[in-house]
Structures are given as C-alpha cells and as structure tokens.
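Quick caveat, the model's predicted, so the values are computed rather than measured.
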Amino acid sequence: LSYPPFRLMWVISFVAFIGASIQSTAAAWLSVYVRGSAMEVALVQSSMYFSMLVMALLAGMLADMFERRHIIVTALAFMSIVAAGMGLLAISGGISPSLIIILTLLFGVGATVITPALQATLPDLVPRDHISSSVTLDSIAVSSARAIGPGIAWLAINVVGTGYAI
C-alpha cells in the first residue's frame, strides 16, 4: 500500500466489494421478504454468478480492448444505478421476485465486467517486483469484503430496512 495509485485503487475496490456483498445479501433477504421461497433465494444468488460464468471471457476481452479506467468507472456507475433502482423499487413496494432476479443478474454483469479490468490494472500501479504483494492485498480485500459485507447488510436491514440496505 506504499504506492499511492495502488492504495487509492485498493481502497475503492475494498469499498466496492463490501457494497457488492451488502447488495447481494440484501437482495437475497429481499427475495425472502417478498415471497419467502428458498427457491427464490437460490435463484437470486445464482443469477449474480450466472452472469459471471457466461460473461467472463467477454469481460476479459473488454479489459484488454478498452481503457480500463473507463471500464471500472462505467461498471461501478452501472452497478450503483442497478442497486439504487432495486432499492427504490423495494422501498416503493414495486419489486417482484422476477425483478429481483433480473436486477441481480444485471448487477452481476457489472461485477463481471469490472473484475478483469481491476486485475489487469495492478501491473500499471506497482513495480514488477511488488505485483505478487499487490495481488495478495487485492485477494485480502475481496475475502474481507465477503466476510464483512453480510454483517453490515444485516445491521442495515435491521436498522433502516431492506430497500435502503440495497
């Protein structure tokens, strides 16, 4: 974290990963709240990762073909808009199980597109002899966010409600 550009990217990534984990947890809880079906929860969780399975190669190609900073900013903005839309629909009562699945799938598309762009940016931010350390720190951010995010989601859901937590 001694290189300012890497440190900035790492902090932004860490916050974004926590946000994605909160959104995923809150979307699953919302599907329980809306219908209460275990199948709905499974479909919501699967829809995010289905997009990753289907689009991983395309996302890698995009990261190689276009300016990575633009991909990262665009994907983060897209994910924010999708999450805000889901939250507003949940707050207004206009959300349905199929909308939760579709919006979670779209959120997963953003997550899929951003991942290779972030990973391919690491060598541009640190010297070659520090790449393995930066990859390790990046992995720590992802793993920590996956551990922290659901706890924050639970707290947010209980304090402000599911729609606002998303």
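Enclosure of atom CZ in F78 by more than 12 non-hydrogen atoms of other residues, nucleotides or ligands within 6.0 angstrom is indicated. For F14, the CZ atom counts as densely surrounded, since its 6.0 Å shell holds more than 12 non-hydrogen atoms of other residues, nucleotides or ligands.
By the criterion of side-chain heavy atoms lying less than 4.5 angstrom apart, applied directly or through intervening Ile, Leu, Val, Met, Phe, Trp or Tyr residues, I102 is not grouped with F50; the two fall into different hydrophobic clusters. Residues F66 and I114 do not share a hydrophobic cluster, defined by chaining ILVMFWY side chains whose heavy atoms lie under 4.5 Å apart. Grouping the Ile, Leu, Val, Met, Phe, Trp and Tyr side chains by contacts below 4.5 angstrom, directly or via other members, places V73 apart from V113. Linking Ile, Leu, Val, Met, Phe, Trp and Tyr whenever their side-chain heavy atoms come within less than 4.5 Å leaves W29 and Y49 in two separate clusters. One hydrophobic cluster, built from ILVMFWY side chains closer than 4.5 Å, cannot hold both L88 and M86; they sit in different ones.
Considering only heavy atoms from C-beta on, E40 comes within 4.5 Å of I101 through its side chain. By the 4.5 Å heavy-atom criterion applied to side chains, I131 and L122 are not counted as neighbours. P97 is not listed as a side-chain neighbour of S31, based on a closest heavy-atom distance of 4.5 Å or more.
Judged purely by atom type and a 3.5 angstrom limit, S46 has no side-chain atom pairing as donor or acceptor with the backbone of L43. Using a distance-only test at 3.5 Å, with no hydrogens or angles considered, no donor-acceptor pair links the side chain of T74 to the main chain of I71. In this structure, the side chain of S143 does not engage the main chain of I140 through any donor-acceptor pair within 3.5 Å. Between the side chain of R68 and the main chain of A63, a donor-acceptor pair closer than 3.5 Å is present. No donor-acceptor pair closer than 3.5 Å links the side chain of S24 to the backbone N or O of A20. Listed for the N158 side chain is a donor-acceptor partner under 3.5 Å among the backbone atoms of W154. A side-chain donor-acceptor contact under 3.5 Å links W10 to the backbone of L137. The backbone N or O of A141 sits nowhere less than 3.5 Å from a side-chain atom of S144 that would complete a donor-acceptor pair.
V82 and L103 make their closest contact through CG1-O, 3.2 Å (heavy atoms, listed as atom of the first residue, atom of the second, distance). Between G60 and P116, the shortest heavy-atom contact is N-CG, 3.7 Å. Between A165 and I157, the shortest heavy-atom distance links the atoms CB-CG1, 3.7 Å. Of all heavy-atom pairs between A26 and I166, the closest is CB-CG1, 3.5 Å. The nearest pair of heavy atoms linking I100 to A27 is CG2-O, 3.9 Å. Considering every non-hydrogen atom in both L99 and G94, the closest pair reads CD1-O, 3.7 Å.
Note that OG1 of T112 is 9.0 Å distant from CG of L105, once rounded to the nearest 0.5 Å. With rounding to the nearest 0.5 Å, the separation of CG in L57 from CE in M55 is 10.5 Å. Atom-to-atom distance recorded for L30:CG and T162:OG1 is 6.0 Å, nearest 0.5 angstrom. Between T121 atom OG1 and R69 atom CZ the span is 9.5 Å, to the nearest 0.5 Å. Atoms CZ and CZ, on R146 and F17 in that order, are 8.0 Å from each other to the nearest 0.5 Å. Atom CG in L76 sits 7.5 Å away from atom CG in L118 (nearest 0.5 Å).
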* **Verdict with supporting geometry, Y3 and L125, side-chain contact (heavy atoms from CB on, under 4.5 Å)** => CA-CA 7 Å; Y3 299 97; L125 302 175; over 6 Å; no
